[in-house]
Protein chains: 2
Amino acid sequence: MKSTSMGGDRRSVVDDIVIHLQREISTLRLLPGTRISESEVAEIFGVSRQPVRDAFRKLESLDLILVRPKKATEVKKFSARAIEKSRFVRAAIEAAALRNAAENCDSAGGFQLDACVALQQKAFVERDFVSFANLDYDFHMAICEIGRVPYAFEVIKTEKERVDRLCILGLSKEERMPQLIEDHKDIAAAVKAGDAEAAVAAGMKHLSRLDETIAAIRKNNAAYFVDEANS
Amino acid sequence: MKSTSMGGDRRSVVDDIVIHLQREISTLRLLPGTRISESEVAEIFGVSRQPVRDAFRKLESLDLILVRPKKATEVKKFSARAIEKSRFVRAAIEAAALRNAAENCDSAGGFQLDACVALQQKAFVERDFVSFANLDYDFHMAICEIGRVPYAFEVIKTEKERVDRLCILGLSKEERMPQLIEDHKDIAAAVKAGDAEAAVAAGMKHLSRLDETIAAIRKNNAAYFVDEANS
DNA sequence: ACATACAAACTAGTATACAAGTATTGACAA
DNA sequence: TTGTCAATACTTGTATACTAGTTTGTATGT
């Protein structure tokens, strides 16, 4: 059978399931709180429950699902504490990366940053929002590469993906994009100038844009958040 | 059967296995590169392979083992890149936590820090090295609590545990302890004084003590490190 | 109508059996 | 002695069957 997505022979069945569910959850096609069962997924993929089980364990470690033994498994809801933590971690890592970037930026690095900003501007005027989102990742990756701390991007990517899932619930994303581009320009300028403190300040300002967006989302989507009483 | 460690009814079999292996690996009783098989562990615990499999997935997500499909599973070796990343992450988080701590430290916080240092001094003179190690965690946890960023300690704990496993291979740990205590005193003083920059500087100096230790360990224990050529 | 209890239908956890790939070892030939 | 190849003994991956706990719905008694 193998109804869906049997791509290369390289990827195992478990990987297929993980990637598929990861995408469904990250894009909010599977909403927080949605219950999913091993048998259900197993049947969809035409496999037994064991590979699904392994996939669930992986998704659990990625903080995308919550397994309640003998009861049910559900898509993880958002939590204010997790969001706070994620924001703190990302701010700390981003600040350190920016410092390194400002201290190590050469002409090639400057060109790389300018290219990212230009491409993002282009994507915006062409209303290519998918590319716009991807280029956002590229910009922050470029910062990490310039700072000679490529591993920093791994952390940033993880945390950014979390908040991106959350931000799908937000409105008027399009209106905020010019501001984001301006932020990137400021960051790039400071990094190219070798001004670490200015780069960090610009980076922190950039991150703070999300705060009110997230606060609004939380108010309007309480059903997708865990009760902060117990957890 | 259930030969070993069937403690409370609360913990599941999987948790038992995870905790057990985690301890064995963290303390280096299971050396990096040691091969362990699902069947082997299953027999030891008197259970089938499935719970062991689940436990392996968990340990894999904790970066403690490496599962090579159809080949073998082994205790994860150290890698220079992973160590670099861990150091970077911890430095970034610790710096941010220290800044927050310096800005939020009240008299209660100051007392807490002093108590940590005093207890650690006591543990040292009493040659109670287990307590000494635990109190090291307590000190950094206190910093995070004072800074109102308790989640920061979760990251620090994770990264510290990684490097602690590595540092078991090091020599003359006892001789370094007075220096660590002095470092903690400096950090505590800066935090209590509300001097964020001084606190960060002291914290970074504290972290840098590990660098030469780790370099020496790497030279003397190449067998426990992955070949940096491929990975 | 309502409450309680019991039974049926979920859920994930575990055990066993088999499949598929890899490494090792030994025999055999050059 | 050395190289090649095949059989064998591993490894993890997958499928099926069964266990145990939870929820839910329904029937029954008040």
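All values below come from the heavy atoms of this structure, side chains included, with hydrogens, waters and symmetry mates left out.
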Checklist entry - In whole angstroms, how far is the C1' atom of C:dT14 from the CD atom of B:Glu43? => result 17 Å
Checklist entry - If you look at every strand shown and take non-hydrogen atoms under 4.0 Å, does B:Gln50 touch a base, only sugar-phosphate, or nothing? => result base
Checklist entry - Is any side-chain N of the basic residue among A:Arg87 and A:Glu84 closer than 4.0 Å to the acidic one's carboxylate O? => result no
Next on the checklist: Whole angstroms only, please: what is the CZ-C1' distance between A:Phe56 and C:dT11?
Outcome noted: 11 Å
Checklist outcome for this item: 5'-most contact on DNA chain C (nearest-nucleotide basis), B:Val14 vs A:Ser37, goes to A:Ser37
Next on the checklist: Whether B:Arg90 engages the ring of B:Phe88 as a cation-pi pair (distance to the six-membered ring centre under 6.0 angstrom, angle to the ring normal within 45°) should be assessed.
Outcome noted: no
Item to check | Under-4.0 Å side-chain N/O to phosphate OP1/OP2 contact, A:Arg35 with C:dA12 | outcome: no
Checklist entry - How many Å lie between CZ on B:Phe45 and C1' on C:dA15, as a whole number? => result 17 Å
Checklist outcome for this item: B:Asp54 atom CG is separated from C:dT14 atom P, nearest whole Å, by 7 Å
Next on the checklist: Can you tell me which residue among A:Val13, A:Val14, A:Leu59, A:Val18 is in a side chain to side chain contact (heavy atoms under 4.5 Å, CB included) with A:Asp54?
Outcome noted: A:Val14
Item to check | Short N-O contact, B:Arg68 and B:Glu74, less than 4.0 angstrom | outcome: yes
Next on the checklist: Can you tell me if A:Thr73 touches the phosphate of C:dA12, counting only side-chain N or O atoms and a distance under 4.0 Å to OP1 or OP2?
Outcome noted: yes
Next on the checklist: By nearest atom, which of the nucleotides D:dA15, C:dG13, C:dT14 is closest to the B:Val13 side chain?
Outcome noted: C:dT14
Checklist entry - A:Leu66 has an atom CG; how far is it from atom C1' of C:dA12, in whole Å? => result 13 Å
Checklist entry - B:Lys70 has an atom NZ; how far is it from atom C1' of D:dT11, in whole Å? => result 9 Å
Checklist entry - Given atom CD of B:Glu40 and atom C1' of D:dC10, what is their separation to the nearest angstrom? => result 12 Å
Next on the checklist: Both B:Ile36 and A:Ser48 contact DNA chain D. Which one's nearest nucleotide lies toward the 5' end?
Outcome noted: B:Ile36
Checklist entry - What's the CZ-P distance between B:Arg68 and D:dC10, to the nearest Å? => result 17 Å
Next on the checklist: Side-chain N or O of A:Arg53 versus OP1/OP2 of C:dA12: is the shortest distance under 4.0 Å?
Outcome noted: no
Checklist entry - Does a sphere of radius 6.0 Å around NZ in B:Lys173 hold more than 12 heavy atoms from other residues, nucleotides or ligands, not counting ones at 6.0 Å or beyond? => result yes
Item to check | Nucleotide nearest B:Glu38 (side chain, heavy atoms from C-beta), chosen from D:dA15, C:dA12, D:dT12 | outcome: D:dT12
Checklist entry - A:Arg49 side chain: which of D:dT12, C:dT14, D:dA15 is closest? => result C:dT14
